[in-house]
There are 2 protein chains.
Amino acid sequence: MSHTLGIRQVQKLKTRQALMDAALGLLEEQSLSSLGLREVTRAVGVAPTAFYRHFRSTADLGVALVEAALGSLHPVLGDLMSAVGDSDELVERAVDLIARHVDAYPAHVRFIARERHGGVQPVRAAIQGQLARFAEEVRAELAKRPETAGWTDDDRLMLAGLYVDQMLMTASLFLEALDEPEEERARAMRLASRRMRLISIGCRHWLD
Amino acid sequence: MSHTLGIRQVQKLKTRQALMDAALGLLEEQSLSSLGLREVTRAVGVAPTAFYRHFRSTADLGVALVEAALGSLHPVLGDLMSAVGDSDELVERAVDLIARHVDAYPAHVRFIARERHGGVQPVRAAIQGQLARFAEEVRAELAKRPETAGWTDDDRLMLAGLYVDQMLMTASLFLEALDEPEEERARAMRLASRRMRLISIGCRHWLD
DNA sequence: AATCACGGAGAACAGTTGTTAACTGCATGG
DNA sequence: CCATGCAGTTAACAACTGTTCTCCGTGATT
(Lines give C-alpha, C1' and ligand atoms only; values in the text may rest on other atoms or scores of the structure.)
Protein backbone atom coordinates (compact mmCIF):
# COMPACT_ATOMS: atom_id res chain seq x y z
CA MET A 1 0.00 0.00 0.00
CA SER A 2 2.60 2.53 1.10
CA HIS A 3 4.52 3.30 -2.07
CA THR A 4 7.99 4.53 -0.99
CA LEU A 5 8.25 8.14 -2.13
CA GLY A 6 10.80 8.90 -4.83
CA ILE A 7 13.67 11.33 -4.39
CA ARG A 8 11.69 13.92 -6.23
CA GLN A 9 8.55 13.84 -4.09
CA VAL A 10 10.69 13.90 -0.95
CA GLN A 11 12.37 17.09 -2.12
CA LYS A 12 9.04 18.65 -2.93
CA LEU A 13 7.67 17.85 0.51
CA LYS A 14 10.86 19.20 2.04
CA THR A 15 10.61 22.62 0.40
CA ARG A 16 6.90 22.67 1.10
CA GLN A 17 7.64 22.13 4.77
CA ALA A 18 10.38 24.76 4.60
CA LEU A 19 7.87 27.26 3.22
CA MET A 20 5.42 26.49 6.00
CA ASP A 21 8.11 26.73 8.67
CA ALA A 22 9.37 30.04 7.32
CA ALA A 23 5.84 31.39 7.18
CA LEU A 24 5.20 30.36 10.78
CA GLY A 25 8.33 32.17 11.81
CA LEU A 26 7.38 35.34 9.98
CA LEU A 27 3.86 35.17 11.40
CA GLU A 28 5.16 35.56 14.94
CA GLU A 29 5.18 39.32 14.47
CA GLN A 30 2.53 39.98 11.84
CA SER A 31 -0.73 38.53 10.64
CA LEU A 32 -1.41 36.37 7.64
CA SER A 33 -3.18 39.07 5.66
CA SER A 34 0.07 41.06 5.55
CA LEU A 35 2.32 38.10 4.81
CA GLY A 36 3.83 38.42 1.34
CA LEU A 37 4.57 35.47 -0.87
CA ARG A 38 7.99 36.86 -1.73
CA GLU A 39 8.74 37.36 1.93
CA VAL A 40 8.28 33.65 2.52
CA THR A 41 10.31 32.46 -0.45
CA ARG A 42 13.10 34.89 0.45
CA ALA A 43 13.27 33.42 3.95
CA VAL A 44 13.55 29.94 2.52
CA GLY A 45 16.09 30.94 -0.12
CA VAL A 46 14.03 29.98 -3.11
CA ALA A 47 12.67 31.82 -6.13
CA PRO A 48 9.31 33.60 -5.68
CA THR A 49 7.71 31.62 -8.46
CA ALA A 50 8.51 28.34 -6.74
CA PHE A 51 5.81 29.24 -4.23
CA TYR A 52 3.11 28.52 -6.82
CA ARG A 53 4.26 24.91 -7.13
CA HIS A 54 2.97 24.34 -3.60
CA PHE A 55 0.26 26.89 -2.81
CA ARG A 56 -2.17 28.96 -4.82
CA SER A 57 -1.83 31.90 -2.45
CA THR A 58 -0.80 32.85 1.05
CA ALA A 59 -4.37 32.17 2.15
CA ASP A 60 -3.93 28.63 0.85
CA LEU A 61 -0.72 28.37 2.85
CA GLY A 62 -2.63 29.51 5.90
CA VAL A 63 -5.20 26.76 5.53
CA ALA A 64 -2.39 24.21 5.32
CA LEU A 65 -0.89 25.69 8.49
CA VAL A 66 -4.20 25.27 10.30
CA GLU A 67 -4.20 21.60 9.43
CA ALA A 68 -0.58 21.25 10.60
CA ALA A 69 -1.23 23.06 13.86
CA LEU A 70 -4.52 21.45 14.90
CA GLY A 71 -4.86 18.25 12.89
CA SER A 72 -2.48 16.20 14.99
CA LEU A 73 -4.08 17.38 18.21
CA HIS A 74 -7.29 15.36 18.03
CA PRO A 75 -5.87 12.06 19.34
CA VAL A 76 -4.05 13.95 22.09
CA LEU A 77 -7.30 15.44 23.31
CA GLY A 78 -8.96 12.05 23.12
CA ASP A 79 -6.22 10.44 25.24
CA LEU A 80 -6.49 13.25 27.77
CA MET A 81 -10.22 12.89 28.33
CA SER A 82 -10.51 9.11 28.17
CA ALA A 83 -7.95 8.81 30.97
CA VAL A 84 -10.16 8.25 33.99
CA GLY A 85 -10.05 10.48 37.06
CA ASP A 86 -12.27 12.99 38.81
CA SER A 87 -12.82 16.32 37.12
CA ASP A 88 -10.35 18.22 39.32
CA GLU A 89 -7.58 15.87 38.27
CA LEU A 90 -8.69 16.26 34.68
CA VAL A 91 -8.41 20.03 34.98
CA GLU A 92 -4.86 19.78 36.28
CA ARG A 93 -3.89 17.38 33.52
CA ALA A 94 -5.43 19.61 30.86
CA VAL A 95 -3.69 22.76 32.07
CA ASP A 96 -0.40 20.90 32.25
CA LEU A 97 -0.85 19.52 28.77
CA ILE A 98 -1.60 22.95 27.36
CA ALA A 99 1.43 24.46 29.08
CA ARG A 100 3.66 21.76 27.63
CA HIS A 101 2.17 22.21 24.17
CA VAL A 102 2.67 25.97 24.23
CA ASP A 103 6.29 25.44 25.25
CA ALA A 104 6.85 22.96 22.44
CA TYR A 105 4.98 24.73 19.62
CA PRO A 106 4.62 28.42 20.47
CA ALA A 107 4.46 29.54 16.85
CA HIS A 108 1.60 27.15 16.08
CA VAL A 109 -0.41 28.35 19.06
CA ARG A 110 0.21 31.99 18.25
CA PHE A 111 -0.87 31.43 14.67
CA ILE A 112 -4.15 29.83 15.67
CA ALA A 113 -4.97 32.44 18.31
CA ARG A 114 -4.16 35.23 15.85
CA GLU A 115 -5.94 33.95 12.78
CA ARG A 116 -9.01 32.64 14.56
CA HIS A 117 -10.51 36.10 14.21
CA GLY A 118 -8.02 37.22 11.57
CA GLY A 119 -8.55 38.93 8.27
CA VAL A 120 -8.41 35.91 5.94
CA GLN A 121 -11.79 34.26 5.57
CA PRO A 122 -10.76 30.76 4.37
CA VAL A 123 -8.31 30.45 7.25
CA ARG A 124 -10.92 31.56 9.77
CA ALA A 125 -13.29 28.97 8.34
CA ALA A 126 -10.65 26.23 8.60
CA ILE A 127 -9.97 27.05 12.23
CA GLN A 128 -13.68 27.22 13.07
CA GLY A 129 -14.08 23.82 11.44
CA GLN A 130 -11.29 22.27 13.49
CA LEU A 131 -12.60 23.81 16.71
CA ALA A 132 -16.07 22.49 15.95
CA ARG A 133 -14.54 19.03 15.55
CA PHE A 134 -12.81 19.42 18.91
CA ALA A 135 -16.06 20.47 20.56
CA GLU A 136 -17.83 17.48 19.04
CA GLU A 137 -15.15 15.11 20.32
CA VAL A 138 -15.21 16.63 23.78
CA ARG A 139 -18.97 16.26 23.84
CA ALA A 140 -18.65 12.58 22.95
CA GLU A 141 -16.17 12.02 25.79
CA LEU A 142 -18.36 14.05 28.12
CA ALA A 143 -21.25 11.71 27.39
CA LYS A 144 -19.23 8.80 28.81
CA ARG A 145 -18.54 10.57 32.09
CA PRO A 146 -20.82 10.57 35.12
CA GLU A 147 -20.70 14.38 35.59
CA THR A 148 -23.03 14.99 32.68
CA ALA A 149 -25.43 12.10 33.30
CA GLY A 150 -28.98 13.15 32.49
CA TRP A 151 -27.84 16.14 30.43
CA THR A 152 -29.24 17.18 27.10
CA ASP A 153 -26.83 16.51 24.25
CA ASP A 154 -27.23 20.17 23.40
CA ASP A 155 -26.13 21.17 26.88
CA ARG A 156 -23.15 18.85 26.59
CA LEU A 157 -22.14 20.59 23.37
CA MET A 158 -22.48 23.93 25.12
CA LEU A 159 -20.12 22.79 27.86
CA ALA A 160 -17.74 21.27 25.32
CA GLY A 161 -17.54 24.54 23.42
CA LEU A 162 -16.93 26.40 26.65
CA TYR A 163 -14.07 24.06 27.48
CA VAL A 164 -12.54 24.35 24.01
CA ASP A 165 -12.67 28.13 24.09
CA GLN A 166 -11.21 28.09 27.57
CA MET A 167 -8.32 25.93 26.38
CA LEU A 168 -7.55 28.45 23.66
CA MET A 169 -7.68 31.33 26.12
CA THR A 170 -5.41 29.39 28.44
CA ALA A 171 -2.95 28.70 25.65
CA SER A 172 -2.93 32.37 24.72
CA LEU A 173 -2.37 33.29 28.35
CA PHE A 174 0.62 30.96 28.56
CA LEU A 175 1.93 32.40 25.32
CA GLU A 176 2.12 35.87 26.84
CA ALA A 177 3.95 34.47 29.85
CA LEU A 178 6.49 32.55 27.76
CA ASP A 179 9.39 34.96 28.20
CA GLU A 180 8.48 35.97 31.73
CA PRO A 181 10.10 34.61 34.89
CA GLU A 182 9.06 31.26 36.28
CA GLU A 183 7.07 32.93 39.03
CA GLU A 184 4.77 34.65 36.55
CA ARG A 185 4.28 31.45 34.60
CA ALA A 186 3.26 29.61 37.75
CA ARG A 187 0.71 32.33 38.50
CA ALA A 188 -0.72 31.93 35.01
CA MET A 189 -1.08 28.18 35.53
CA ARG A 190 -2.85 28.62 38.85
CA LEU A 191 -5.17 31.21 37.31
CA ALA A 192 -6.05 28.92 34.41
CA SER A 193 -6.65 26.01 36.80
CA ARG A 194 -9.03 28.01 38.93
CA ARG A 195 -10.96 29.18 35.89
CA MET A 196 -11.47 25.68 34.61
CA ARG A 197 -12.24 24.35 38.09
CA LEU A 198 -14.96 26.97 38.48
CA ILE A 199 -16.49 25.80 35.24
CA SER A 200 -16.34 22.16 36.33
CA ILE A 201 -18.06 23.14 39.58
CA GLY A 202 -20.79 24.86 37.62
CA CYS A 203 -21.09 21.66 35.62
CA ARG A 204 -21.62 19.63 38.83
CA HIS A 205 -24.59 21.78 39.82
CA TRP A 206 -26.07 22.37 36.38
CA LEU A 207 -29.14 20.23 36.93
CA ASP A 208 -30.73 22.28 39.75
CA MET B 1 -13.33 75.96 31.13
CA SER B 2 -14.62 74.54 27.87
CA HIS B 3 -12.97 76.73 25.27
CA THR B 4 -15.15 76.59 22.14
CA LEU B 5 -13.03 74.97 19.44
CA GLY B 6 -12.05 77.13 16.50
CA ILE B 7 -13.03 76.36 12.92
CA ARG B 8 -9.59 74.96 12.34
CA GLN B 9 -9.56 72.47 15.19
CA VAL B 10 -13.05 71.32 14.25
CA GLN B 11 -11.89 70.56 10.70
CA LYS B 12 -8.87 68.71 12.01
CA LEU B 13 -11.00 66.58 14.30
CA LYS B 14 -13.39 65.96 11.42
CA THR B 15 -10.74 64.58 9.07
CA ARG B 16 -9.19 62.64 11.94
CA GLN B 17 -12.54 61.01 12.56
CA ALA B 18 -12.93 60.39 8.82
CA LEU B 19 -9.56 58.61 8.79
CA MET B 20 -10.58 56.43 11.72
CA ASP B 21 -13.95 55.60 10.20
CA ALA B 22 -12.40 54.72 6.85
CA ALA B 23 -9.81 52.53 8.57
CA LEU B 24 -12.50 50.75 10.55
CA GLY B 25 -14.34 50.04 7.33
CA LEU B 26 -11.26 48.68 5.59
CA LEU B 27 -10.44 46.55 8.62
CA GLU B 28 -13.61 44.56 8.22
CA GLU B 29 -11.86 42.32 5.74
CA GLN B 30 -8.19 42.51 6.67
CA SER B 31 -6.05 43.01 9.73
CA LEU B 32 -4.27 46.11 10.90
CA SER B 33 -0.80 44.85 10.06
CA SER B 34 -1.74 44.81 6.38
CA LEU B 35 -3.55 48.14 6.41
CA GLY B 36 -1.69 50.69 4.30
CA LEU B 37 -1.59 54.35 5.14
CA ARG B 38 -2.27 55.26 1.52
CA GLU B 39 -5.22 52.93 1.47
CA VAL B 40 -6.84 54.87 4.29
CA THR B 41 -6.20 58.33 2.87
CA ARG B 42 -7.47 57.21 -0.53
CA ALA B 43 -10.74 56.05 1.06
CA VAL B 44 -11.15 59.44 2.73
CA GLY B 45 -10.18 61.38 -0.39
CA VAL B 46 -7.19 63.12 1.09
CA ALA B 47 -3.49 63.25 0.26
CA PRO B 48 -1.31 60.47 1.72
CA THR B 49 0.88 62.98 3.51
CA ALA B 50 -2.10 64.37 5.41
CA PHE B 51 -2.12 61.15 7.39
CA TYR B 52 1.01 62.20 9.26
CA ARG B 53 -0.74 65.29 10.62
CA HIS B 54 -2.89 62.98 12.73
CA PHE B 55 -1.03 59.72 13.30
CA ARG B 56 2.59 58.66 13.35
CA SER B 57 1.77 55.32 11.74
CA THR B 58 -1.06 52.86 11.19
CA ALA B 59 -0.14 51.27 14.51
CA ASP B 60 -0.79 54.64 16.13
CA LEU B 61 -4.14 54.81 14.36
CA GLY B 62 -4.89 51.36 15.75
CA VAL B 63 -4.25 52.49 19.31
CA ALA B 64 -6.62 55.41 18.80
CA LEU B 65 -9.24 52.99 17.48
CA VAL B 66 -8.90 50.87 20.60
CA GLU B 67 -9.66 53.90 22.72
CA ALA B 68 -12.65 54.77 20.53
CA ALA B 69 -14.02 51.24 20.62
CA LEU B 70 -13.58 50.44 24.31
CA GLY B 71 -13.10 53.72 26.13
CA SER B 72 -16.75 54.71 26.15
CA LEU B 73 -17.81 51.26 27.34
CA HIS B 74 -16.66 51.52 30.95
CA PRO B 75 -19.65 53.47 32.28
CA VAL B 76 -21.99 51.14 30.40
CA LEU B 77 -20.52 48.13 32.14
CA GLY B 78 -20.74 49.92 35.47
CA ASP B 79 -24.42 50.70 34.96
CA LEU B 80 -25.09 47.11 33.97
CA MET B 81 -23.57 45.58 37.08
CA SER B 82 -24.72 48.13 39.63
CA ALA B 83 -28.33 47.53 38.61
CA VAL B 84 -29.55 45.16 41.28
CA GLY B 85 -31.02 41.79 40.51
CA ASP B 86 -30.14 38.14 40.97
CA SER B 87 -27.32 36.71 38.88
CA ASP B 88 -29.62 34.99 36.38
CA GLU B 89 -31.26 38.29 35.56
CA LEU B 90 -27.84 39.87 35.29
CA VAL B 91 -26.80 37.24 32.76
CA GLU B 92 -29.83 37.94 30.61
CA ARG B 93 -29.22 41.67 30.78
CA ALA B 94 -25.56 41.25 29.87
CA VAL B 95 -26.26 39.01 26.88
CA ASP B 96 -28.90 41.40 25.67
CA LEU B 97 -26.59 44.37 26.07
CA ILE B 98 -23.84 42.65 24.12
CA ALA B 99 -26.23 41.70 21.32
CA ARG B 100 -27.41 45.29 21.05
CA HIS B 101 -23.86 46.60 21.05
CA VAL B 102 -22.76 44.20 18.31
CA ASP B 103 -25.72 45.29 16.20
CA ALA B 104 -24.89 48.97 16.69
CA TYR B 105 -21.09 48.83 16.30
CA PRO B 106 -20.13 45.66 14.45
CA ALA B 107 -16.94 47.14 13.01
CA HIS B 108 -15.69 48.15 16.45
CA VAL B 109 -16.33 44.71 17.87
CA ARG B 110 -14.69 42.99 14.93
CA PHE B 111 -11.67 45.21 15.25
CA ILE B 112 -11.18 44.41 18.93
CA ALA B 113 -11.68 40.67 18.49
CA ARG B 114 -9.26 40.66 15.56
CA GLU B 115 -6.48 42.77 16.98
CA ARG B 116 -6.59 41.39 20.48
CA HIS B 117 -4.18 38.69 19.34
CA GLY B 118 -3.18 40.55 16.18
CA GLY B 119 0.22 41.26 14.74
CA VAL B 120 0.71 44.82 16.00
CA GLN B 121 2.24 44.90 19.46
CA PRO B 122 1.20 48.41 20.63
CA VAL B 123 -2.41 47.72 19.68
CA ARG B 124 -2.40 44.39 21.50
CA ALA B 125 -1.00 46.16 24.55
CA ALA B 126 -3.69 48.84 24.38
CA ILE B 127 -6.45 46.24 24.21
CA GLN B 128 -4.94 44.21 27.04
CA GLY B 129 -4.81 47.39 29.09
CA GLN B 130 -8.47 48.19 28.48
CA LEU B 131 -9.53 44.63 29.23
CA ALA B 132 -7.53 44.69 32.45
CA ARG B 133 -9.39 47.86 33.41
CA PHE B 134 -12.70 46.13 32.67
CA ALA B 135 -11.70 43.16 34.80
CA GLU B 136 -10.73 45.45 37.64
CA GLU B 137 -14.07 47.27 37.45
CA VAL B 138 -16.02 44.03 37.34
CA ARG B 139 -14.09 42.83 40.38
CA ALA B 140 -15.01 46.01 42.25
CA GLU B 141 -18.70 45.53 41.43
CA LEU B 142 -18.45 41.85 42.33
CA ALA B 143 -17.16 42.80 45.77
CA LYS B 144 -20.43 44.64 46.43
CA ARG B 145 -22.59 41.64 45.58
CA PRO B 146 -23.55 38.85 47.98
CA GLU B 147 -22.53 36.04 45.60
CA THR B 148 -18.84 36.56 46.26
CA ALA B 149 -19.05 37.21 49.99
CA GLY B 150 -16.09 35.66 51.75
CA TRP B 151 -14.07 35.38 48.56
CA THR B 152 -10.42 36.28 48.16
CA ASP B 153 -9.94 39.43 46.13
CA ASP B 154 -7.70 37.34 43.91
CA ASP B 155 -10.50 34.87 43.27
CA ARG B 156 -12.83 37.75 42.47
CA LEU B 157 -10.35 38.99 39.87
CA MET B 158 -10.19 35.50 38.42
CA LEU B 159 -13.96 35.43 38.02
CA ALA B 160 -13.99 38.96 36.64
CA GLY B 161 -11.45 38.04 33.97
CA LEU B 162 -13.48 34.96 33.11
CA TYR B 163 -16.58 37.11 32.66
CA VAL B 164 -14.76 39.68 30.54
CA ASP B 165 -13.31 37.01 28.27
CA GLN B 166 -16.71 35.40 28.02
CA MET B 167 -18.25 38.71 26.98
CA LEU B 168 -15.73 39.01 24.18
CA MET B 169 -16.38 35.46 23.02
CA THR B 170 -20.09 36.17 23.11
CA ALA B 171 -19.65 39.33 21.08
CA SER B 172 -17.59 37.44 18.53
CA LEU B 173 -20.25 34.73 18.38
CA PHE B 174 -22.94 37.31 17.68
CA LEU B 175 -20.74 38.89 15.05
CA GLU B 176 -20.65 35.66 13.08
CA ALA B 177 -24.42 35.39 13.31
CA LEU B 178 -25.01 38.97 12.16
CA ASP B 179 -26.02 38.16 8.60
CA GLU B 180 -27.75 34.90 9.45
CA PRO B 181 -31.50 34.47 9.85
CA GLU B 182 -33.23 35.48 13.06
CA GLU B 183 -33.54 31.86 14.15
CA GLU B 184 -29.78 31.37 14.16
CA ARG B 185 -29.26 34.59 16.10
CA ALA B 186 -31.71 33.45 18.75
CA ARG B 187 -29.82 30.15 19.09
CA ALA B 188 -26.59 32.08 19.58
CA MET B 189 -28.18 34.16 22.33
CA ARG B 190 -29.49 31.10 24.16
CA LEU B 191 -26.08 29.44 23.87
CA ALA B 192 -24.33 32.49 25.28
CA SER B 193 -26.85 32.73 28.12
CA ARG B 194 -26.35 29.10 29.11
CA ARG B 195 -22.58 29.50 29.09
CA MET B 196 -22.68 32.49 31.39
CA ARG B 197 -25.31 30.91 33.61
CA LEU B 198 -23.11 27.85 34.05
CA ILE B 199 -20.30 30.12 35.16
CA SER B 200 -22.56 31.94 37.60
CA ILE B 201 -23.64 28.56 39.02
CA GLY B 202 -20.02 27.61 39.48
CA CYS B 203 -19.59 30.92 41.26
CA ARG B 204 -22.42 30.08 43.68
CA HIS B 205 -20.68 26.86 44.78
CA TRP B 206 -17.08 28.08 44.69
CA LEU B 207 -16.59 28.02 48.45
CA ASP B 208 -17.04 24.27 49.02
C1' DA C 1 -3.78 94.82 9.73
C1' DA C 2 0.26 92.07 9.45
C1' DT C 3 2.37 87.98 10.81
C1' DC C 4 2.54 83.37 12.07
C1' DA C 5 1.17 78.45 12.58
C1' DC C 6 -0.35 74.68 10.55
C1' DG C 7 -3.61 71.30 7.89
C1' DG C 8 -3.27 69.73 3.63
C1' DA C 9 -1.53 69.17 -1.55
C1' DG C 10 1.82 67.80 -4.88
C1' DA C 11 5.70 65.56 -6.73
C1' DA C 12 9.24 62.57 -6.41
C1' DC C 13 12.23 58.71 -4.16
C1' DA C 14 13.69 53.91 -3.79
C1' DG C 15 11.86 49.73 -2.65
C1' DT C 16 8.40 46.38 -2.56
C1' DT C 17 4.59 43.50 -4.20
C1' DG C 18 1.88 39.52 -7.13
C1' DT C 19 1.90 37.40 -11.52
C1' DT C 20 3.25 36.05 -16.18
C1' DA C 21 6.28 33.89 -19.49
C1' DA C 22 9.90 31.13 -21.21
C1' DC C 23 13.64 28.43 -19.70
C1' DT C 24 16.73 24.53 -17.37
C1' DG C 25 18.09 20.33 -15.25
C1' DC C 26 17.03 15.98 -13.72
C1' DA C 27 14.40 12.05 -11.64
C1' DT C 28 11.07 9.03 -13.38
C1' DG C 29 8.10 5.76 -16.09
C1' DG C 30 7.73 3.16 -20.36
C1' DC D 1 17.92 4.21 -22.59
C1' DC D 2 15.39 7.73 -23.97
C1' DA D 3 11.51 10.94 -23.78
C1' DT D 4 8.58 13.20 -20.71
C1' DG D 5 6.92 15.66 -16.63
C1' DC D 6 7.77 18.77 -13.29
C1' DA D 7 10.29 21.43 -9.30
C1' DG D 8 12.69 25.35 -9.47
C1' DT D 9 14.99 29.56 -12.01
C1' DT D 10 15.47 33.94 -14.39
C1' DA D 11 13.70 38.19 -16.17
C1' DA D 12 10.42 41.41 -16.67
C1' DC D 13 5.81 43.80 -15.90
C1' DA D 14 2.85 47.34 -13.87
C1' DA D 15 1.18 48.58 -9.60
C1' DC D 16 1.76 49.68 -5.17
C1' DT D 17 4.03 51.04 -0.68
C1' DG D 18 6.04 54.54 3.25
C1' DT D 19 8.52 58.70 3.58
C1' DT D 20 10.73 63.21 2.57
C1' DC D 21 10.71 67.93 0.91
C1' DT D 22 8.61 71.86 -0.83
C1' DC D 23 4.84 74.52 -1.32
C1' DC D 24 0.02 76.76 -0.64
C1' DG D 25 -4.02 78.86 1.57
C1' DT D 26 -6.10 80.37 5.45
C1' DG D 27 -7.64 80.57 10.37
C1' DA D 28 -5.49 82.28 14.47
C1' DT D 29 -2.58 85.60 17.27
C1' DT D 30 -0.93 89.93 18.53
Side-chain angles (χ1 to χ4, degrees), chain A residues 1-23 25-27 29-65 115 118-123, chain B residues 1-23 25-27 29-65 115 118-123:
Chain A
M1 194 37 118
S2 71
H3 192 261
T4 53
L5 291 76
I7 296 180
R8 210 144 186 184
Q9 312 192 37
V10 168
Q11 249 306 321
K12 176 162 186 179
L13 285 181
K14 199 172 285 184
T15 57
R16 180 188 158 97
Q17 189 59 45
L19 286 169
M20 291 174 64
D21 288 346
L26 292 165
L27 285 173
E29 23 198 73
Q30 66 181 305
S31 19
L32 184 65
S33 79
S34 72
L35 182 69
L37 141 178
R38 295 182 98 108
E39 205 176 344
V40 179
T41 57
R42 192 186 314 133
V44 175
V46 92
T49 49
F51 185 91
Y52 293 105
R53 302 289 181 193
H54 303 273
F55 307 101
R56 249 188 280 277
S57 62
T58 51
D60 196 21
L61 207 201
V63 173
L65 283 177
E115 300 304 328
V120 184
Q121 199 272 332
V123 173
Chain B
M1 200 37 156
S2 72
H3 193 262
T4 53
L5 290 76
I7 297 180
R8 206 142 189 189
Q9 313 192 38
V10 169
Q11 251 305 322
K12 176 161 188 181
L13 284 182
K14 200 172 285 183
T15 57
R16 179 188 159 99
Q17 191 58 45
L19 286 170
M20 291 174 63
D21 288 347
L26 292 166
L27 286 172
E29 22 197 72
Q30 65 182 306
S31 23
L32 185 65
S33 78
S34 72
L35 182 71
L37 138 179
R38 295 182 99 108
E39 205 175 345
V40 179
T41 58
R42 191 186 314 133
V44 175
V46 93
T49 49
F51 186 90
Y52 293 104
R53 303 288 183 190
H54 303 273
F55 307 102
R56 249 187 281 276
S57 62
T58 52
D60 197 20
L61 206 202
V63 173
L65 282 177
E115 300 304 328
V120 183
Q121 199 271 331
V123 173

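Note on naming: letters A, B, ... go to the chains in the order of the sequence lines (proteins, then strands), and numbering restarts at 1 for each one. The model shown is predicted, which means the values in this text are computed figures rather than measured ones.
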Can you figure out which of dT28(C), dG8(D), dG8(C) approaches the side chain of His54(B) most closely?
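Given the options dT28(C), dG8(D), dG8(C), the side chain of His54(B) is closest to dG8(C).
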Please tell me which of the listed nucleotides, dT10(D), dG10(C), dG8(D), lies nearest to the side chain of Thr15(A)?
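It is dG8(D).
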Tell whether Thr49(A) reaches the base of dT10(D) with its side chain through a donor-acceptor pair below 3.5 angstrom.
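Present.
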Give a yes or no on whether Gln121(A) atom CD has more than 12 heavy-atom contacts from other residues, nucleotides or ligands under 6.0 Å away.
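Yes.
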Atom pair distance, as rounded to whole Å: [atom1] in [X] and [atom2] in [N]:
X: Ile7(A); N: dT28(C); atom1: CD1; atom2: P; value: 5 Å
X: Lys12(B); N: dG8(C); atom1: NZ; atom2: P; value: 8 Å
X: Arg53(B); N: dG27(D); atom1: CZ; atom2: P; value: 17 Å
X: Arg16(A); N: dG8(D); atom1: CZ; atom2: P; value: 12 Å
X: Lys14(A); N: dG8(D); atom1: NZ; atom2: C1'; value: 16 Å
X: Phe55(A); N: dA7(D); atom1: CZ; atom2: P; value: 13 Å
X: Phe51(B); N: dG10(C); atom1: CZ; atom2: C1'; value: 19 Å
X: Leu5(A); N: dG29(C); atom1: CG; atom2: P; value: 11 Å

Just wondering, do [Y] and [X] contact through their side chains at under 4.5 Å, heavy atoms?
X: Phe51(B); Y: Arg38(B); answer: no
X: Leu5(A); Y: Leu13(A); answer: yes
X: Leu61(A); Y: Leu19(A); answer: no

Taking it one step at a time, do Leu65(B) and Leu32(B) satisfy side chain to side chain contact (heavy atoms under 4.5 Å, CB included)?
CA-CA 11 Å; Leu65(B) 282 177; Leu32(B) 185 65; 5.6 Å; no
Both Arg8(B) and Arg56(B) contact DNA chain D. Which one's nearest nucleotide lies toward the 5' end?
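Closer to the 5' end of DNA chain D: Arg56(B).
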Between the protein and nucleotides 13-18 of chain C, list every N/O to N/O distance that falls short of 3.5 Å.
from, atom 1, to, atom 2, distance (Å)
dT17(C), OP1, Arg42(A), NH2, 3.2
dT17(C), OP2, Arg42(A), NH2, 2.6
dG18(C), OP1, Leu37(A), N, 2.7
dG18(C), OP2, Leu37(A), N, 3.3
dG18(C), OP2, Arg38(A), N, 3.0
dG18(C), N7, Arg38(A), NH1, 2.4
dG18(C), O6, Arg38(A), NH1, 2.9

Evaluation steps, side chain to side chain contact (heavy atoms under 4.5 Å, CB included), between Thr15(A) and Val44(A)
CA-CA 8 Å; Thr15(A) 57; Val44(A) 175; 5.7 Å; no
Kindly say whether Ser31(A) contributes a backbone atom to a donor-acceptor pair with the side chain of Ser33(B) at under 3.5 angstrom?
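It does hold such a pair.
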